[in-house]
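A short write-up of the structure that comes next.
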Amino acid sequence: MRIGYPCVNESLDCTATSTFRLASYSDERVEQAVANNLACLQRILEYNVQHNLRFFRIGSGVVPFGSHPINTFRWQTRFAAEFRAIGDYIKQNDLRVSFHPDQFVVLNSPDAGIVQRSIDELVYQGSILDLMGLDGTAKLQIHAGGVYGDKEAALTRWIATYRQLPDVVKARLVVENDDRLYSLQDCLRLHNAVGVPVLFDNFHHECLNNGEPMPLALRMAAATWHPTLDGPIMIDYSSQAPGERRGKHVASMEEDLFRRFLEDLRGLDADIMLEIKDKEASAHRACMIMQDVGLLVRAAQSVPSGNPAVS
DNA sequence: AAGTGTCAAGTGGGA
DNA sequence: TCCCACTTGACACTT
């Protein structure tokens, strides 16, 4: 099992998603930003190895305007060596990485332009994982999309779009239950239609479900992952922020709730992404708890390799 | 240097 | 009819 956190490391003084405004686009700025982002990504991964945090979500903006037609810079070839080196580091240290393309990726939109831009974005993010030389266990995680007043029609459109995706995207795509529109059951229908694995979000399931108890829900989602092609199941973990709007993520992990969740999970291998505001701070506490209950081996006393220049 | 309005992209819910 | 949230701040203009 692995513990991870999304996109941002608050302990380091760098960002792996530095960008700029579309209005000030230039190839030079893309090159500058990608160089910075990949150097920072490498530092984050080294930090993660040192802290036994072996799961990380890479931010969508690692290549600014990565799927925008304005971006004609050949970043794939310019940074081929850097992508490959990061991929090697990921494999050598048994890390797992993923992407979560943002809310603009909607495969079931009635608008063909939106669907095409969504596919372009998936191809862009998937190509980064390809350039890193990572196998199909490195995933692209999306939601089912909108309902548009007719969920049946929306699910049908999703399936039709999925079937048109390039194989390289299909091999990585997973669909996550959301907190308002598409429940675990809805996602399982997509799985039954096209085989897409279901990424289970426990907090979304608490917000929107069909009465499945958490242990059962976890096992239903787990059954949609192919053990070797897809890897261990991925889970997004969070909990309700006390006193806040329903669906708001908690600021810092509540340890008793996490221990209870591990009880529900018991017996399943999973990589858990903590979608919690304070990032690696909570991930580190989760790591300690999992070591405490014997679900995680302690970090090796490894010396970080590569990039000796930065600290 | 500090303050702040706005940023590529979509959708639905709530004020 | 706006405004907000969403996996995540931070760019860039103004003073």
Side-chain angles (χ1 to χ4, degrees), chain A residues 4-10 12-26 29-30 32-33 36-37 40-41 44 55-71 97-125 139-151 153-154 157-158 161 174-182 199-204 207-208 234-241 244-251 272-283:
Chain A
Y5 60 99
C7 306
V8 173
N9 179 298
E10 297 182 330
L12 298 173
D13 59 357
C14 69
T15 171
T17 54
S18 65
T19 185
F20 50 88
R21 296 295 166 85
L22 179 62
S24 53
Y25 179 91
S26 72
R29 291 205 64 173
V30 174
Q32 176 187 17
N36 172 81
N37 291 341
C40 183
L41 177 58
I44 291 173
F55 191 19
F56 186 69
R57 181 184 300 162
I58 303 173
S60 301
V62 64
V63 176
F65 310 105
S67 70
H68 193 287
I70 197 174
N71 187 347
V97 295
S98 63
F99 279 94
H100 191 340
D102 57 28
Q103 62 269 33
F104 310 109
V105 172
V106 186
L107 293 186
N108 67 1
S109 174
D111 181 326
I114 291 169
V115 173
Q116 187 57 54
R117 286 190 288 278
S118 298
I119 294 171
D120 292 345
E121 180 72 8
L122 290 172
V123 168
Y124 145 62
Q125 298 194 20
K139 294 302 189 186
L140 304 169
Q141 152 188 3
I142 63 170
H143 293 290
V147 168
Y148 314 94
D150 184 347
K151 186 182 271 188
R157 278 198 306 277
W158 198 98
T161 303
V174 297
V175 66
E176 174 192 355
N177 59 308
D178 70 69
D179 60 347
R180 295 180 299 123
L181 304 176
Y182 289 93
L199 190 152
F200 185 74
D201 184 309
N202 77 303
F203 182 33
H204 291 165
C207 295
L208 177 70
M234 291 180 175
I235 291 173
D236 281 354
Y237 175 85
S238 190
S239 61
Q240 173 68 40
E244 297 276 0
R245 170 190 58 80
R246 176 177 166 84
K248 172 114 175 139
H249 290 202
V250 73
I272 304 173
M273 174 80 49
L274 271 75
E275 288 193 331
I276 292 180
K277 287 292 178 203
D278 67 357
K279 302 293 179 186
E280 74 275 10
S282 282

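Keep in mind the model is a prediction, meaning the values are calculated, not measured. Note: hydrogens, waters and symmetry copies are ignored here, and every other heavy atom, side chains too, is used. In what follows, chains are A, B, ... by sequence order, proteins preceding strands, each numbered from 1.
- Considering only side-chain N and O atoms, Lys277(A) lies nowhere under 4.0 angstrom from the phosphate OP1 or OP2 of dT7(C).
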Inset, instruction - Using a 4.0 Å heavy-atom cut-off, write out nucleotides 10-15 of chain B from 5' to 3' as B (base contacted by protein), S (sugar-phosphate only) or - (no contact). - result: BSSS--

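- A salt bridge does not link Lys139(A) to Glu176(A): none of the charged nitrogens lies less than 4.0 Å from a carboxylate oxygen.
- The closest donor-acceptor contact from the side chain of Asn177(A) to the backbone of Asp201(A) lies under 3.5 Å.
- A centroid separation of 6.0 Å or more is found between the aromatic rings of Tyr237(A) and Phe203(A).
- Geometric assessment of Arg157(A) against the ring of Tyr148(A) yields a positive cation-pi assignment under the 6.0 Å and 45° thresholds.
- The aromatic rings of His249(A) and His204(A) sit tilted, their planes meeting at an angle between 30° and 60°.
- Spacing between atom CD1 of Ile70(A) and atom P of dC7(B) amounts to 15 Å, rounded to whole angstrom units.
- Searching all strands for a Watson-Crick or G-U wobble partner of dT14(C) with both distances below 3.5 Å returns dA2(B).
- The side chain of His100(A) places no N or O atom within less than 4.0 Å of a non-bridging phosphate oxygen (OP1 or OP2) of dC6(C).
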Inset, instruction - At under 4.0 Å between heavy atoms, which parts of nucleotides 10-15 of chain C does protein reach? Answer with one letter per nucleotide, 5' to 3': B base, S sugar-phosphate only, - none. - result: BBS---

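- Checked against a 6.0 Å centroid threshold, the rings of Phe20(A) and Phe65(A) count as neighbours.
- For Asn37(A) (side chain) and Ala33(A) (main-chain N/O), a donor-acceptor pair under 3.5 Å exists by modelled atom type.
- A heavy-atom distance below 4.5 Å is found between the side chains of Leu107(A) and Ile142(A).
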